[in-house]
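Below, each value reflects all heavy atoms present in this structure, side chains not excepted, and no hydrogens, waters or symmetry copies.
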Amino acid sequence: MTDEICLTIPARQDMLLVARMALAGLCARCGADCETLEDIRTACDEACYCLMHQPFAARTLTLRASTGEGRLCVVFTAERGEKTGRPLYDVELARGILSSLVSRVRIAHDGDGVREIELTAHVAPL
């Protein structure tokens with residue numbers, strides 16, 4: 001059975017709890033253990049933080065997640081706004097952190113910053 005969700009939230013730190021809880025709920029339905037749930041919540045925070053700290057301000061964050069065959073696949077994107085003057089968040093640092101939490105990480109970026117982060121994780125016993 002495959003479940004899918006799509007969630008768009010304002011790109012604010014106080015709204016990240018909504019994204020974390022939605023992903024945790026989806027994973028819990030798959031039988032994820034407490035350690036896996038915490039890794040998913042932490043990966044969600046890191047992906048959102050990365051998207052929010054770019055040369056262009058993020059207006060909204062969208063996550064599209066699906067589960068099936070014991071795996072979670074989630075794609076994070078940000079709607080870009082005005083230029084912030086911030087430097088590009090260290091993509092390799094984000095990749096390293098995320099890779100320690102999930103089994104597969106793909107980060108798409110261009111000269112204006114990170115456009116999309118895709119994560120895949122095992123959320124049910126193999």
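A side-chain donor from one of T36 and D33 sits under 3.5 Å from a side-chain acceptor of the other.
Distance alone, capped at 3.5 Å, is enough to place a donor-acceptor pair between the D110 side chain and the G113 backbone. Proximity of a side-chain donor or acceptor of T62 to a complementary backbone N or O of C6 within less than 3.5 Å is not detected.
Here the side chains of E79 and T8 are not in contact, with every heavy-atom distance at 4.5 Å or above. When side chains are defined from C-beta on, T84 does not count as touching Q54, because their heavy atoms never get closer than 4.5 Å. Side-chain atoms of T67 and R29, non-hydrogen and from C-beta on, never get closer than 4.5 Å to each other. Between E46 and T42, the closest side-chain pair of non-hydrogen atoms is not below 4.5 Å. Counting heavy atoms from C-beta outward, P55 and D112 have side chains that stay 4.5 Å or more apart. Counting heavy atoms from C-beta on, the side chains of L37 and L23 never come closer than 4.5 Å.
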Query raised in the report: What's the verdict on side-chain contact (heavy atoms from CB on, under 4.5 Å) for L61 and L16, showing C-alpha distance, side-chain angles and the deciding distance?
Result: CA-CA 9 Å; L61 299 173; L16 296 187; 3.9 Å; yes

Requested in this report: Before giving the answer on side-chain contact (heavy atoms from CB on, under 4.5 Å), spell out for Q13 and M52 the whole-Å C-alpha distance, their side-chain angles and the decisive distance to 0.1 Å.
Outcome: CA-CA 9 Å; Q13 191 70 34; M52 289 168 53; 4.2 Å; yes

Query raised in the report: What's the verdict on side-chain contact (heavy atoms from CB on, under 4.5 Å) for V102 and I40, showing C-alpha distance, side-chain angles and the deciding distance?
Result: CA-CA 7 Å; V102 299; I40 296 299; 4.3 Å; yes

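Distance check: R104 CZ to C73 SG gives 7.0 Å after rounding to the nearest 0.5 Å. Interatomic distance, I97 CD1 to C50 SG, rounded to the nearest 0.5 Å: 9.0 Å. Of the inter-residue distances, the one linking H109 atom NE2 with R115 atom CZ reads 8.5 Å to the nearest 0.5 angstrom. Taking CG of L26 as the start and CD1 of I5 as the end, the distance is 5.0 Å to the nearest 0.5 Å. Between atom CG of residue D39 and atom CG of residue L98 there is a gap of 11.0 Å, rounded to the nearest 0.5 Å. Annotation: the span from I107 atom CD1 to E116 atom CD amounts to 11.0 Å, rounded to 0.5 Å.
A continuous path of hydrophobic side-chain contacts links I9 to I117 [ILVMFWY only; heavy atoms under 4.5 Å].
Ring orientation note: the planes of Y89 and H53 are tilted relative to one another, at an angle of 30° to 60°.
Heavy-atom contacts from other residues, nucleotides or ligands closer than 6.0 Å to CE of M21 number 12 or fewer.
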